[in-house]
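Okay, structure first, notes after.
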Amino acid sequence: MALFKKRKVALALGGGSARGFANIGVLKVLEKNKVPINLFIGSSIGSLIAAAYSLGMTTEELEKYALAFKIQDITDVTVPRLAVMKGEKLARTVEKLTDQKTFENCRIPIAVTATDIQTGEELLFTSGDLQKIIRASCSWPGFFPPVKIDGRYLSDGGIRNSVPVKWAKKLGGTFTIAVKLGFSPQNIKADNIFKMMIQSIQIMGEELDKYQSMQANIIIEPDLEKINQTDFDKASDIIAKGEIAAEREIPKIKKLLRI
């Protein structure tokens with residue numbers, strides 16, 4: 001894990017399933033304003049978007065993909081043993097967006113977080129099988145099965161790092177921009193397993209999210225209060241909210257970075 005010697009601007013992209021599409025809006029605004037990004041730290045869907053962008057997908061292509069995306073693209077229900085989904089469709093989605101490329105192909109260095117579901121240990125990857133590592137980082141326990149890597153069973157990076165700011169600093173990032181997508185517990189009718197699982201994620205993650213994002217120099221926080229993790233059909237609105245939140249922070253970013 002090589003440390004960067006010079007000043008590096010790190011962008012920490014958090015997870016949140018459909019809410020993660022806000023990361024695309026943030027990238028659009030940072031790109032438009034020529035904010036330099038020297039390092040990506042991604043957790044869950046944030047790792048997938050960071051990798052796709054770093055491997056050459058434009059923000060326009062990412063937005064087009066998000067607008068066409070349906071929840072059926074990642075759902076393949078199975079008889080539960082380790083999870084309610086097989087995870088095969090998720091694997092294909094990751095492969096499609098990363099084009100079977102590697103960490104070494106990334107034009108901007110990327111690091112991906114994951115969690116050892118057996119020990120609770122948080123892990124950071126800057127090399128290895130990019131597709132498997134991203135799939136692990138996107139695999140929330142109960143929904144998708146853990147991914148076996150080097151003898152360990154790995155799950156969603158957001159379990160321990162909903163906003164992976166601290167890793168940016170450990171990798172030498174001297175100025176960190178965090179995209180805080182947040183959690184939003186809803187007043188729900190507890191009438192099926194999926195609602196119960198999603199609600200539990202919201203409740204657990206709300207406090208963790210606040211604590212981790214505080215360590216960043218800049219926090220970009222889209223207004224996603226009424227957006228659930230499964231609202232993939234609201235991609236246009238979610239991306240727009242990411243843009244609005246990023247535009248709000250641009251004057252401060254430019255002042256601090258002197259650009």
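Position 1 is the first residue of the sequence, and the numbers go up from there. For clarity, every value in this text was computed on a predicted model and none was experimentally measured.
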task: Mind running salt bridge (charged side-chain N to carboxylate O under 4.0 Å, His left out) on Asp129 and Lys132 for me, showing each step along the way?
output: CA-CA 6 Å; Asp129 188 324; Lys132 286 185 71 174; 5.3 Å; no
field: Check: Tyr65/Glu60 side-chain N/O donor and acceptor closer than 3.5 Å
entry: no
- prompt: Taking 4.0 angstrom as the limit, do Lys32 and Glu247 come out as a salt bridge?
  reply: yes
message: Test side-chain contact (heavy atoms from CB on, under 4.5 Å) on Asn105 and Thr102; report intermediate values, then the result.
response: CA-CA 5 Å; Asn105 296 130; Thr102 68; 3.0 Å; yes
query: Just by modelled atom types, is the Ser44 backbone N or O under 3.5 Å from a matching donor or acceptor in the Ser137 side chain?
result: yes
- prompt: Salt-bridged, Lys166 to Glu122, with N to O below 4.0 Å?
  reply: yes
- prompt: Is the CZ atom of Arg81 crowded by more than 12 outside heavy atoms at less than 6.0 Å?
  reply: no
query: Is there a donor-acceptor pair under 3.5 Å between the side chain of Asn161 and the backbone N or O of Gly158?
result: no
- request: Give a yes-or-no answer on whether the side chains of Gln131 and Thr98 include a donor-acceptor pair shorter than 3.5 Å.
  value: yes
query: So, Asp116 and Arg152, do they make that salt bridge, N to O below 4.0 Å?
result: yes
message: Is there a path of hydrophobic side-chain contacts, each under 4.5 Å between heavy atoms of I/L/V/M/F/W/Y residues, joining Ile108 to Leu55?
response: yes
field: Criterion side-chain hydrogen bond (donor to acceptor under 3.5 Å, both in side chains) on Glu61 and Tyr53, from CA distance to verdict
entry: CA-CA 9 Å; Glu61 289 171 331; Tyr53 182 77; over 6 Å; no
message: Ignoring hydrogens and geometry beyond distance, is a side-chain donor-acceptor pair present between Thr93 and Asp73 at under 3.5 Å?
response: no
task: Report the C-alpha separation of Ile177 and Ile220 in whole Å, then their side-chain angles, then the decisive distance to 0.1 Å, and conclude whether the side-chain contact (heavy atoms from CB on, under 4.5 Å) test is met.
output: CA-CA 7 Å; Ile177 301 170; Ile220 297 175; 3.7 Å; yes
Test side-chain contact (heavy atoms from CB on, under 4.5 Å) applied to Lys241 and Ile238, step by step: CA-CA 5 Å; Lys241 288 180 181 296; Ile238 296 169; 5.7 Å; no
Contact check, side chains of Leu30 and Ile37, non-hydrogen atoms, under 4.5 Å: yes
field: Cation-pi, Phe144 ring and Arg135 (6.0 angstrom, 45 degrees)
entry: no
field: Leu48-Ile71 co-clustered via ILVMFWY side chain contacts under 4.5 Å
entry: yes
task: May I ask you to decide if the ring planes of Phe232 and Phe69 are parallel, tilted or perpendicular, using 30° and 60° as cut-offs?
output: tilted
- prompt: Under a single-linkage definition using a 4.5 Å side-chain heavy-atom cutoff for Ile, Leu, Val, Met, Phe, Trp and Tyr, are Ile259 and Val29 assigned to the same hydrophobic cluster?
  reply: yes
